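What follows is a set of notes on a single structure, which appears directly below.
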Amino acid sequence: MLVLSRKVEESILIGDNIEIKILDVTGDKVQIGITAPKEVTVLRSELKETIEENKSSATGASKDLLQELFGKK
Amino acid sequence: MIIKTRDFGEIEIDEKEIVTFKCPILGFDDFKEFIVLIDESIGENFAWLQSVEESELCFTLANPKLIGDDYKPHINDDYMNAVGGSYDEMWLIDVISEKVSDSKVNLKSPIIINTKEKLGAQAISESPLPIRYQLFAGKESV
């Protein structure tokens with residue numbers, strides 16, 4: 001992993017058209033501004049799992065299975 | 001209006017029941033209009049979040065009551081604003097498995113709905129909550 005030190009208002013360039021700028025640092029929180037082309041997905045890493053779970057839910061259990069498991073007998 | 005659904009065929013819904021997600025369901029940014037469906041034979045522990053725009057898109061939801069009263073995720077202002085300031089309904093996106101104990105719910109990112117304003121969002125809570133929480137841990141049937 002490449003490790004760089006940056007101050008507030010300084011930025012990093014990735015390739016020709018992605019810029020990551022440090023906007024603010026307060027305690028253990030860093031505010032980051034990202035400029036990237038529209039087709040580049042920018043995601044907080046913990047959201048990836050939520051997207052996976054959303055997809056699993058959308059392709060998951062049928063009504064029949066829910067009825068079988070949880071239907072009122 | 002009549003809509004096509006994934007699990008219930010064609011059904012008639014009241015347009016006033018449609019919930020608009022200004023803040024999208026993650027990974028499904030193109031879809032904004034959903035309706036919550038409850039099946040009487042199952043009751044209010046589970047529901048369906050059916051897309052109005054795409055009949056094949058439907059999520060299954062679990063009622064947070066199943067988790068218990070301790071479940072109170074902190075929802076930040078961005079999501080509150082997205083649903084008009086407050087919410088009065090919450091659901092958890094679930095992945096139900098044939099083996100009941102493998103069924104999971106996402107406690108980190110609940111669906112919040114303001115039923116008056118008909119606005120919804122999938123909020124990402126800042127509370128340290130699990131994304132894959134076993135809904136019926138250790139149980140073989142419910």
Side-chain angles (χ1 to χ4, degrees), chain A residues 1 3 6-73, chain B residues 5-9 24-29 31 37 39-43 45-51 54 56-63 66 91-100 103-111 122-126 128-133 135-136 139 141-142:
Chain A
M1 186 194 285
V3 179
R6 299 276 68 195
K7 290 179 182 161
V8 169
E9 287 297 309
E10 290 182 342
S11 63
I12 294 165
L13 297 173
I14 299 173
D16 290 334
N17 41 21
I18 297 175
E19 182 181 8
I20 295 172
K21 191 171 184 178
I22 309 303
L23 300 177
D24 188 33
V25 181
T26 318
D28 62 354
K29 270 195 180 174
V30 181
Q31 201 176 37
I32 297 170
I34 299 156
T35 310
K38 217 172 168 243
E39 61 272 17
V40 174
T41 306
V42 178
L43 213 54
R44 284 185 276 177
S45 56
E46 72 269 25
L47 301 193
K48 195 164 175 263
E49 263 183 83
T50 287
I51 290 176
E52 285 165 9
E53 289 308 285
N54 286 350
K55 286 186 177 157
S56 298
S57 180
T59 53
S62 64
K63 188 177 79 169
D64 292 347
L65 178 62
L66 266 92
Q67 255 161 354
E68 189 187 315
L69 295 174
F70 312 117
K72 292 171 186 164
K73 274 127 200 163
Chain B
T5 66
R6 188 191 70 182
D7 288 357
F8 298 93
I25 295 172
L26 291 162
F28 296 87
D29 303 34
F31 304 97
L37 302 173
D39 188 278
E40 279 178 13
S41 71
I42 290 173
N45 282 342
F46 296 92
W48 284 258
L49 188 65
Q50 169 68 50
S51 165
E54 167 54 61
E56 288 303 307
L57 179 60
C58 182
F59 304 91
T60 49
L61 306 174
N63 194 320
L66 293 168
W91 292 98
L92 303 170
I93 293 210
D94 67 30
V95 181
I96 300 298
S97 172
E98 260 173 82
K99 194 179 160 200
V100 168
S103 297
K104 294 179 183 76
V105 287
N106 186 339
L107 299 187
K108 176 91 175 164
S109 308
I111 300 290
Q122 182 169 30
I124 314 297
S125 174
E126 281 170 24
L129 290 162
I131 293 170
R132 297 185 176 102
Y133 176 81
L135 187 53
F136 302 110
K139 291 185 186 171
S141 64
V142 285

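First the proteins, then the strands, lettered A, B, ... as listed; each starts at 1. Small disclaimer: the values here were computed from a predicted structure and weren't measured.
Within the 4.5 Å cutoff, side-chain heavy atoms of A:N54 are placed close to those of B:F59. Side-chain contact between B:I93 and A:E53 is absent, with no heavy-atom pair separated by less than 4.5 Å.
Looking at B:S51, neither its backbone nor its side chain comes within 4.5 Å of chain A, counting heavy atoms on both sides. In this structure, chain A has a heavy atom under 4.5 Å from the side chain of B:F46, while its backbone stays farther away. Interface residue B:L57: only side-chain heavy atoms are found under 4.5 Å from chain A. Heavy atoms of B:S109 lying under 4.5 Å from chain A belong exclusively to its side chain. With a 4.5 angstrom heavy-atom cutoff, A:L66 touches chain B via backbone and side-chain atoms both. Proximity to chain A (any heavy atom under 4.5 Å) is restricted, for B:D39, to the side chain, taken from C-beta onward. Looking at A:S62, only its backbone comes within 4.5 Å of chain B, counting heavy atoms on both sides. Only the backbone of B:E40 comes within less than 4.5 Å of a heavy atom of chain A; no side-chain atom from C-beta onward does. Within the 4.5 angstrom heavy-atom criterion, atoms from both the backbone and the side chain of B:I25 approach chain A.
Heavy-atom minimum distance, A:S56 versus B:V95: CB-CG2, 3.7 Å. Across all non-hydrogen atoms, the minimal contact from B:E98 to A:L65 is CG-CD1, 3.6 Å. Closest heavy-atom contact between A:A61 and B:R6: O-NH2, 3.4 Å.
Note that the CG atom of B:D7 and the CG atom of A:D64 stand 8.0 Å from one another [nearest 0.5 Å]. Atom NZ of A:K55 sits about 10.5 Å away from atom CG of B:L26, to the nearest 0.5 Å. Annotation: the span from A:E49 atom CD to B:N106 atom CG amounts to 8.5 Å, rounded to 0.5 Å. Taken to the nearest 0.5 Å, the CD1 atom of B:I131 stands 11.5 Å off from the NZ atom of A:K48. Between atom CG of residue A:L69 and atom NZ of residue B:K99 there is a gap of 13.0 Å, rounded to the nearest 0.5 Å. To the nearest 0.5 angstrom, B:S41 atom OG is 7.0 Å from A:K63 atom NZ.
The greatest number of non-hydrogen atom pairs below 4.5 Å with chain B, out of A:T50, A:L47, A:T41, is found for A:T50. Heavy-atom pairs under 4.5 Å with chain A peak, among B:Q122, B:K108, B:K104, at B:Q122.
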Inset, instruction - Could you go through the side-chain contact (heavy atoms from CB on, under 4.5 Å) check for B:I96 and A:F70 one step at a time? - result: CA-CA 11 Å; B:I96 300 298; A:F70 312 117; 3.8 Å; yes
